[in-house]
Colleague: 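Structure incoming, see below.
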Amino acid sequence: MDFAIEKMEKLPADFYYQPVLKTAKRLLGKYFVRRYNGKYLVGKIVETEAYHQDNDSSCHAHRGKTKRNEVMFGPPGHLYVYFTYGMHYCSNVVCEEENRAAAVLLRAVEPVAGVEMMQHLRGPKFGLKQLAAGPARFCQAFGIGKAENGADLFGEEIFIAAGRDEPSEEIVTTTRIGISSAVELPWRFYLKGNEFVSKPNRG
DNA sequence: ACTGCGATGTCCT
DNA sequence: GGACATCGCAGTT
C-alpha cells in the first residue's frame with residue numbers, strides 16, 4: 001500500500017524553535033521523510049530523547065562549540081548527524097534559537113513506506129521491528145551519514161511531516177539510554193505500547 | 001531469557 | 001590514550 005507523500009505537510013520552521021523538551025514530545029507521531037535513490041523512505045517517529053547545552057552534561061555541546069557539534073549551535077530545523085563507536089551514525093533535530101545548542105535525538109521510527117529499500121540498507125536478516133529501532137539503526141535504514149550533517153528539513157529530500165499530536169497519556173517519559181552522565185534526567189519519550197521502540201522496558 | 005564484549009573512527013584531554 | 005547519545009554476535013542459564 002502506498003503512502004500519500006504529496007499530501008504530507010512539512011512541519012514549519014517555528015515548530016523547531018520551541019523548547020527542546022516540548023519538541024521531543026511533539027515529534028512523536030510525526031513522519032520522517034527521506035528521498036533516497038528516487039524512493040521515499042517514511043517512518044513514524046515513536047521514540048526521542050532531548051539534549052541541551054545547559055544542565056545536561058551528556059550533551060555534546062555541554063562544553064561549548066566544537067567542529068563536531070557546531071550544527072547544534074546553528075538555526076533550528078536542521079539535522080545534526082554524528083559518528084560514534086567507529087561505525088555508527090546518530091541523527092538529531094536541532095531545536096531552539098540559533099547559538100543555543102539543543103537537539104532531539106531520533107531513536108526509533110515505525111517503517112511506513114520504502115520498507116524494501118530500508119531492508120536493503122539494513123541487510124537481509126532484520127525484520128520490520130528491527131529496521132529502525134535504535135538511533136544507529138534508524139540512520140542505517142534511512143541512508144543517513146556524514147553527508148546529511150547540517151541538512152535542513154525544509155527541502156524535498158529530507159523533511160518531517162505533520163502527523164498525529166499524541167496525547168500525553170500515550171507518551172511514556174523515562175531516563176535516557178546509553179549515557180553515563182546526567183543519567184537522572186527524564187528526557188526520553190516514546191509511544192506507549194509501540195512495537196517499534198528500541199527498548200520499551202527501560203526507565 | 002540474559003550477559004559480556006569486540007568492532008573501530010573521531011574528538012577531546 | 002580514553003571515551004563514546006551503539007549494535008550484533010557468542011556464550012550461558
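Residue numbers begin at 1 in each chain, while the letters A, B, ... track the order of the sequences. We use all heavy atoms of the structure for the numbers below, so side chains are in, but hydrogens, waters and symmetry mates are not.
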Colleague: So, for A/V33 and A/M8, which heavy atoms are closest and what is the spacing to 0.1 Å?
Modeller: CG2-CE, 3.1 Å
Colleague: Please list, in 5' to 3' order, the outermost nucleotides of DNA chain C lying under 4.0 Å from any heavy atom of chain A.
Modeller: C/dC4 to C/dC9
Colleague: Search all heavy atoms of A/P135 against all heavy atoms of A/L105 and return the closest pair with its distance.
Modeller: CB-CD1, 4.1 Å
Colleague: Name the orientation class of the two ring planes belonging to A/F154 and A/Y16 (parallel below 30°, tilted from 30 to 60°, perpendicular beyond 60°).
Modeller: perpendicular
Colleague: With DNA chain B as reference, determine whether A/H88 or A/K146 sits nearer its 5' end, using the nearest nucleotide of each.
Modeller: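 The residue mapped nearer the 5' terminus is A/H88.
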Colleague: Quiz question: by atom type and distance under 3.5 Å, do the side chains of A/H52 and A/E96 form a donor-acceptor pair?
Modeller: yes
Colleague: Looking only at side chains, do A/R176 and A/S58 share a donor and an acceptor under 3.5 Å apart?
Modeller: yes
Colleague: Using a cut-off of 4.0 Å on non-hydrogen atoms, how would the nucleic acid contact of A/L105 be classed: base, sugar-phosphate, or nothing?
Modeller: base
Colleague: How far, in whole Å, is B/dT3 from C/dA5 if one measures between their P atoms?
Modeller: 22 Å
Colleague: Send over the distance from A/Q140 CD to B/dA7 C1', rounded to a whole Å.
Modeller: 14 Å
Colleague: Which helical stems does DNA chain C take part in, if a stem means at least 3 consecutive Watson-Crick or G-U pairs with both distances below 3.5 Å?
Modeller: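 Expected stems, ordered by start: B:1-7 with C:6-12, B:9-12 with C:1-4.
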Colleague: Check salt bridge (Lys or Arg N to Asp or Glu O under 4.0 Å) between A/K65 and all other residues, then give those that pass, not counting sequence neighbours.
Modeller: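 With sequence neighbours excluded, A/K65 shows a salt bridge (Lys or Arg N to Asp or Glu O under 4.0 Å) to no residue whatsoever.
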Colleague: Just checking A/F126: base, sugar-phosphate only, or nothing, at a heavy-atom cut-off of under 4.0 Å?
Modeller: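 A/F126: backbone/sugar contact only, no base atoms under 4.0 Å.
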Colleague: In whole angstroms, how far is the P atom of B/dC5 from the OH atom of A/Y85?
Modeller: 15 Å
Colleague: Got a salt bridge between A/E156 and A/R35, using NZ or NE/NH1/NH2 to carboxylate O under 4.0 Å?
Modeller: no
Colleague: Rounded off to whole Å, could you give me the CD-to-C1' distance for the A/E70 and B/dC11 pair?
Modeller: 13 Å
Colleague: Is any NZ, NE, NH1 or NH2 atom of the basic residue among A/E148 and A/R34 found under 4.0 Å from an Asp or Glu carboxylate oxygen of the other?
Modeller: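 The answer is yes: the pair qualifies as a salt bridge.
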Colleague: Relative to the 5' end of DNA chain C, which residue comes earlier, A/K125 or A/S180, by the nucleotide with the nearest heavy atom?
Modeller: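 In this pair, the answer is A/S180.
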Colleague: Over how many whole Å does the gap from A/N69 atom CG to B/dC12 atom C1' extend?
Modeller: 11 Å
Colleague: Within the 4.5 Å heavy-atom criterion, are A/I179 and A/I177 side-chain neighbours or not?
Modeller: no
